[in-house]
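First up is the structure itself, then whatever we jot down about it.
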Amino acid sequence: MRSGDIGSNPTEQTAGGQAMAVPSGLPPGTSLPWFVVVMGFLTMFGPMAIDMYLPALPAIGADLGADQAQVQMTLSVFLIGYGVGQLLWGPLGDRYGRKGPAALGIILFVLASAGCALAPDIWSLTAWRFLHGVGACAAPVIARAMVRDAFDRDRGASVMSLMMLVMGVAPMLAPLAGGQVLALLGWRGIFWCLCAFGLVAGLGLLTVKETGRPASSHTGGLLSNYALLLLDRRFMGYALSSGFVFAGMFAYISGTPFVYIQHFGVSPEHFGFLFGVNVIALMISNIINSRLVLRFGVDRMMGWGILATAGIGAVLIVTGGFGIGGIAGVAVPLFLYLGALGLVGANGMAGSLAAFPHMAGTASSLSGALQLSIGAVAGGIVGALSTGGSPLPMCAVLCGCALAGLASDRLLKR
């Protein structure tokens with residue numbers, strides 16, 4: 001596929017129902033495969049900063065004298081920072097161009113990674129993790145806006161699926177690498193590795209051309225733009241339905257280290273294999289979505305994915321919550337849930353950005369912030385309810401999130 005082939009539809013609908021010209025493609029001289037690789041790499045910040053340190057959660061608690069809820073709070077606070085920070089970076093990307101704000105966020109990420117590595121207690125680590133999240137969200141927000149700059153809705157969803165395919169390397173390898181680094185260098189070594197990742201990502205950003213344009217008269221003030229988005233029913237339908245479904249994934253991320261390691265007795269070194277295998281399902285479904293979305297469209301593909309997550313969540317609360325099937329009763333439904341997510345993520349983001357091309361960064365920010373804020377709450381609930389690594393709190397929260405996503409999809413988008 002050539003970059004000029006993408007965005008070939010002549011018009012799209014704005015939020016007000018008016019026709020507009022669609023993006024015409026990537027900047028001249030930009031290779032689509034390399035663009036997808038770099039954008040996918042920029043979206044890895046969240047998975048790298050979360051998944052790589054998951055095997056170390058019990059070790060962090062033991063080293064810093066913290067209980068499970070306090071350790072899981074470092075994850076929830078990261079997600080809050082990741083969500084709130086998006087409200088900053090997207091508007092900056094609309095105002096000043098895409099690459100500058102992304103670079104500033106990467107610098108903050110590198111500095112916060114070093115702060116986490118040097119943290120003397122759980123409260124210092126928690127504070128640094130908040131800044132870690134604020135910095136980590138810049139590159140993914142900007143990457144999504146850059147895709148919207150270049151491609152129309154369905155083509156953009158296809159490209160985002162390919163980006164998520166590249167990004168899928170991170171949640172697959174990060175926990176494996178984290179377990180090995182933990183064994184060799186301790187949990188602090190994981191954050192030094194994240195410093196190095198941030199530097200490499202910054203170099204990748206330098207290799208792509210700017211896609212954003214200066215703010216125009218069509219772009220209003222920050223608060224008025226967010227109000228416009230919050231009052232748009234379809235935008236909120238895409239954002240909330242995908243946000244709730246992804247919150248189920250964060251319940252899984254928050255709960256599985258303790259469920260697998262403490263409840264089922266899986267070693268930290270082997271935890272990464274159980275965690276990473278689920279990403280295979282996510283990658284396969286993104287490949288499928290990148291091809292089928294051009295035939296069936298964003299709404300139909302996303303609807304199928306949301307319906308599947310609701311059904312899988314109901315199964316999981318029975319098998320995992322009541323101990324049916326042992327570890328397989330938890331692992332198999334989670335594998336299927338992650339697979340269904342591949343039909344939700346790229347389509348939900350493409351749908352939420354479609355009607356607001358003149359402020360794609362702001363729309364990307366708000367959609368991502370809602371998604372991560374809901375995820376942080378879900379992860380916090382799992383931590384507050386968990387005792388001894390029991391699977392029931394994680395399964396119940398995941399099921400509730402999936403059902404809330406289904407309700408949002410049916411009530412707002414339709």
Side-chain angles (χ1 to χ4, degrees), residues 45-87 108-109 111-137 171 174-175 178 182 186-191 194 243-244 246-263 268 271 275 368-398 400-401:
F45 277 86
M48 287 294 293
I50 294 172
D51 301 343
M52 194 169 183
Y53 101 127
L54 287 181
L57 291 183
I60 290 173
D63 185 43
L64 300 182
D67 59 29
Q68 178 177 340
Q70 290 174 323
V71 174
Q72 286 183 305
M73 185 58 63
T74 65
L75 175 60
S76 296
V77 165
F78 173 89
L79 294 175
I80 292 172
Y82 197 98
V84 171
Q86 294 187 59
L87 300 176
L108 177 58
F109 176 85
L111 294 176
S113 296
C116 291
L118 299 172
D121 53 54
I122 192 65
W123 305 114
S124 299
L125 178 62
T126 301
W128 279 114
R129 283 290 282 175
F130 176 79
L131 294 177
H132 212 208
V134 173
C137 68
L182 175 65
W187 67 267
R188 297 179 189 273
I190 293 174
F191 289 102
L194 291 175
F244 278 117
F246 267 79
M249 183 182 71
F250 289 117
Y252 145 76
I253 290 172
S254 178
T256 49
F258 297 94
V259 171
Y260 285 156
I261 295 173
Q262 291 187 352
H263 184 76
F271 164 76
F275 188 89
L370 289 171
Q371 183 180 108
L372 269 297
S373 298
I374 298 171
V377 172
I381 293 174
V382 172
L385 297 179
S386 295
T387 54
S390 170
L392 180 58
M394 177 190 72
C395 297
V397 173
L398 185 146
C401 289

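Numbers here simply count residues along the sequence, with the first being 1.
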Roughly how far, to the nearest 0.5 Å, is the [atom2] atom of [Y] from the [atom1] atom of [X]?
X      : Y      : atom1 : atom2 : value
Leu54  : Leu182 : CG    : CG    : 11.5 Å
Arg129 : Ser113 : CZ    : OG    : 8.5 Å
Ile122 : Asp67  : CD1   : CG    : 9.0 Å
Thr126 : Leu64  : OG1   : CG    : 9.0 Å
Met249 : Thr256 : CE    : OG1   : 11.0 Å
Asp121 : Gln70  : CG    : CD    : 10.5 Å

Working for side-chain contact (heavy atoms from CB on, under 4.5 Å), residues Val382 and Phe250: CA-CA 9 Å; Val382 172; Phe250 289 117; over 6 Å; no
Can you find a heavy atom in the side chain of [X] that is under 4.5 Å from one in the side chain of [Y]?
X      : Y      : answer
Tyr53  : Ile60  : yes
Ser254 : Met394 : no
Met48  : Phe109 : no

Could you pull out the closest heavy-atom pair between [X] and [Y], with the gap in Å?
X      : Y      : answer
Cys401 : Gly248 : CB-N, 3.6 Å
Val134 : Leu108 : CG1-CD2, 3.8 Å
Ile374 : Gly243 : CG2-O, 4.2 Å
Ser390 : Val259 : O-CG2, 4.0 Å
Ala251 : Val397 : CB-CG1, 3.8 Å
Ser76  : Gly380 : OG-N, 3.3 Å

Parallel, tilted or perpendicular, as decided by the 30° and 60° cut-offs, for the rings of His132 and Phe78: perpendicular
Parallel, tilted or perpendicular, as decided by the 30° and 60° cut-offs, for the rings of Phe191 and Trp187: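 The rings of Trp187 and Phe191 stand perpendicular, inter-plane angle above 60°.
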Backbone N/O of [Y] and side chain of [X]: donor-acceptor pair under 3.5 Å:
X      : Y      : result
Thr74  : Val71  : yes
Arg188 : Ala119 : yes
Gln72  : Ala69  : no

side-chain contact (heavy atoms from CB on, under 4.5 Å) assessment of Leu75 paired with Ile50: CA-CA 7 Å; Leu75 175 60; Ile50 294 172; 3.7 Å; yes
side-chain hydrogen bond (donor to acceptor under 3.5 Å, both in side chains) partners of residues 369-383, not counting sequence neighbours, each pair once: none
